[in-house]
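Below is one structure, written out as structure tokens; the observations come after it.
Lettering follows sequence order; numbering is per chain, from 1.
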2 protein chains.
Amino acid sequence: MENENVSKIKEAILRNNEVFDALAELYKVFGDGTRVRILCALTQSEMNVSEISEFLDITQSAVSHQLRVLKTSSLVKSRRSGKTMIYSLADEHVRAIIDCGMEHIVE
Amino acid sequence: MENENVSKIKEAILRNNEVFDALAELYKVFGDGTRVRILCALTQSEMNVSEISEFLDITQSAVSHQLRVLKTSSLVKSRRSGKTMIYSLADEHVRAIIDCGMEHIVE
DNA sequence: AATTTATATGAATATTTGTTCATACATTCA
DNA sequence: TGAATGTATGAACAAATATTCATATAAATT
């Protein structure tokens, strides 16, 4: 019965660790200037890759690479329109997380 | 007068970039499993270095290094009590940011 | 079909970053 | 004062990551 408790505790820790890792992974995505700029740009309106690239003055390649990261993390979504790909925020959580961080910065 | 506008725009971008960088720097700190674990541990109660080290099963040195990062970012504060240093969350923003990320994870 | 425009991607490189190990610093206690 | 305990820190190494460059893929237009 002690063993049972011990294993329960270990499971709990394991579960927590998974949550912690997920949290860290999420924040890691926000932890890059280029990606934060892209996300903030998309906060204002959806944009295609060229527009993001020009607006933020970042290489098209760099933008594409980072959009891939953002999409993999489910922070942005995309749809095709002819030759261009239009990107937008995946949901309101993204805005919420940005705002949350902003509040800490302005102190 | 056009020049004036241009420089205003440039200033605006510059200001924004600084904000973006600050945001990214903040999230970068949250973007590590060890640091998230430490912060979450301190969410429950203040702890000294040894306690954190044992609780999370992380080397004392690694904990100290990360506590330094967390303190530099004003996410934790510390006070001395005899031979030990007691660490706690710097303010409620930390809790808010963690909760904000959690909400996105649980989807 | 060939060309042009928009985007994605792989490889290479440089930089950043986290941990470990050894050791220094600080405080208490004998 | 010397020993013991708790914490901090520097150097070194390994791993992760962002950008660039070249090129591939995809859609539209002629």
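- Counting non-hydrogen atoms under 4.0 angstrom, A:Lys28 reaches the backbone sugars and phosphates but no base.
- At most 12 non-hydrogen atoms from other residues, nucleotides or ligands lie less than 6.0 angstrom from CZ of A:Arg68.
- The side chain of A:Ser64 sits closest to C:dA8 out of D:dT19, C:dA8, D:dA8.
- For the pair B:Tyr27 OH and D:dT17 C1', the computed distance is 20 Å after rounding to whole Å.
- Applying the 3.5 Å distance criterion, the base of D:dT7 shares no donor-acceptor pair with the side chain of B:Ser61.
- D:dT9 atom P lies 14 Å from atom CG of B:Leu70, rounded to whole Å.
- Ring geometry for A:His93 against B:His104 counts as perpendicular: the plane angle is over 60°, on a 0 to 90° scale with 30° as the lower cut.
- In this structure, the CZ atom of A:Arg35 is 8 Å from the C1' atom of D:dA18, given to the nearest Å.
- For the pair B:Arg37 CZ and C:dG18 C1', the computed distance is 13 Å after rounding to whole Å.
- Here D:dA11 presents its P atom at 12 Å from CZ of B:Arg68, a figure rounded to the nearest Å.
- Using a cutoff of 4.0 Å between basic side-chain nitrogens and carboxylate oxygens, A:Asp57 and A:Arg37 are not scored as salt-bridged.
- Rounded to a whole Å, the CZ atom of A:Phe20 is 18 Å from the P atom of C:dG18.
- Judged by distance alone, the side chains of A:Gln60 and A:Ser64 do bring a donor and an acceptor atom under 3.5 Å apart.
- Applying the 3.5 Å distance criterion, the base of D:dA8 shares a donor-acceptor pair with the side chain of B:Gln60.
- For B:Met85 and C:dT28, the CE to P distance is 12 Å, given to the nearest whole Å.
- With hydrogens and angles left out, the side-chain atoms of A:Lys71 and A:Ser78 include a donor and acceptor closer than 3.5 Å.
- Applying the 5.5 angstrom centroid cut-off and the 30 degree plane-angle cut-off, the aromatic ring of A:His65 is not stacked upon the base of D:dT19.
- At D:dT7, none of the side-chain N or O atoms of B:Arg80 fall inside 4.0 Å of OP1 or OP2 (strictly under the cut-off).
- At D:dG6, none of the side-chain N or O atoms of B:Tyr87 fall inside 4.0 Å of OP1 or OP2 (strictly under the cut-off).
- Each of B:Val49 and A:Lys83 was assigned the nucleotide of DNA chain D with the nearest heavy atom; the assignment lying further toward the 5' end belongs to B:Val49.
- Applying the 3.5 Å distance criterion, the base of D:dA18 shares no donor-acceptor pair with the side chain of A:Gln66.
- Look at CZ on A:Phe30: it is 14 Å from P on D:dA18, rounded to the nearest Å.
- Residue contacts shown for B:Thr59 are limited to sugar-phosphate atoms, with no base heavy atom under 4.0 Å away.
- Residue contacts for B:Thr84: at a heavy-atom cut-off of 4.0 Å it reaches the sugar-phosphate backbone alone, with no base atom in range.
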